[in-house]
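Each remark here refers to the structure printed beneath this line.
This chain uses plain numbering: 1 for the first residue, then up along the sequence. Whatever order the structure lists them in is the order used to number ligands and atoms, beginning at 1.
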Amino acid sequence: MKTTTILSTLFLSTLVLAAPLSTVANRQAQNLQTFTGALGGIAATPIEDSGNPDRQFSVKGDTFVNLSAALQRSCDQQFNACANAANAGTGNFTVADCSAQQNACGAAN
Ligand SMILES: *[C@@H]1O[C@H](CO)[C@@H](O)[C@H](O)[C@H]1NC(C)=O
Ligand SMILES: *[C@@H]1O[C@H](CO)[C@@H](O)[C@H](O)[C@H]1NC(C)=O
């Protein structure tokens with residue numbers, strides 16, 4: 001009796017833990033932005049499938065006809081957020097660091 005309760009509790013916890021992990025894995029698989037640099041914890045905006053075959057690539061709601069245009073927008077958005085943080089003094093980095101990161105982002109793709 002006791003053993004059954006413990007086992008089913010373990011089983012339920014495993015299910016609860018497994019669901020969110022697989023959701024995260026699916027989201028990561030969909031992101032076409034491969035650059036992982038993230039000054040101040042600010043990652044390049046994810047590029048996702050918009051579901052629209054004519055404008056397949058989506059970056060924060062804006063859609064693009066090709067991946068290179070989407071990648072450029074993603075890197076640009078990261079730069080803008082990074083520069084804002086640098087200017088606000090919330091990050092331990094300068095706008096020049098953000099600019100170097102933007103170049104690395106473009107070169108990585
Ligand atoms: C991608 O699309 C942009 C316009 O959104 C265009 O200027 C560019 O030439 C295209 N690049 C390729 C490789 O097709
Ligand atoms: C900020 O950068 C300096 C120089 O690179 C480093 O010594 C320091 O530990 C950094 N501080 C934080 C909070 O990251």
Side-chain angles (χ1 to χ4, degrees):
M1 197 62 158
K2 237 181 193 172
T3 310
T4 309
T5 310
I6 290 168
L7 280 180
S8 59
T9 305
L10 281 174
F11 181 67
L12 282 177
S13 327
T14 307
L15 281 182
V16 168
L17 284 173
L21 284 177
S22 62
T23 306
V24 169
N26 286 341
R27 277 204 198 113
Q28 282 170 343
Q30 281 172 1
N31 183 8
L32 298 173
Q33 173 59 270
T34 57
F35 182 65
T36 54
L39 279 176
I42 303 163
T45 315
I47 300 170
E48 287 161 343
D49 186 345
S50 70
N52 174 352
D54 293 331
R55 302 183 67 83
Q56 203 181 333
F57 305 98
S58 172
V59 179
K60 228 186 226 171
D62 290 335
T63 57
F64 299 88
V65 294
N66 61 46
L67 182 57
S68 65
L71 285 166
Q72 190 179 343
R73 173 65 68 89
S74 169
C75 295
D76 287 353
Q77 286 189 350
Q78 179 184 39
F79 171 77
N80 287 337
C82 181
N84 286 341
N87 286 328
T90 54
N92 194 15
F93 46 86
T94 64
V95 174
D97 295 330
C98 297
S99 192
Q101 177 176 252
Q102 184 184 27
N103 289 336
C105 183
N109 288 301

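- When the shell of 6.0 Å around CD of Q77 is examined, it contains more than 12 heavy atoms from other residues, nucleotides or ligands.
- Of all protein heavy atoms, the one closest to atom 10 (C) of ligand 1 is N66 ND2, 2.4 Å.
- One N or O on the side chain of N31 and one on the backbone of I47 form a donor-acceptor pair closer than 3.5 Å.
- The single protein non-hydrogen atom nearest to atom 4 (C) of ligand 1 is V65 CG2, 4.5 Å, given as residue, atom name and distance.
- Looking from atom 13 (C) of ligand 1 to the surrounding protein, the closest heavy atom is S68 OG, 4.0 Å.
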Side chain to side chain donor-acceptor pair (under 3.5 Å) assessment of N66 paired with S68: CA-CA 6 Å; N66 61 46; S68 65; 3.2 Å; yes
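- For the side-chain contact (heavy atoms from CB on, under 4.5 Å) criterion with Q78, the lone passing option out of Q102, Q101, Q33 is Q101.
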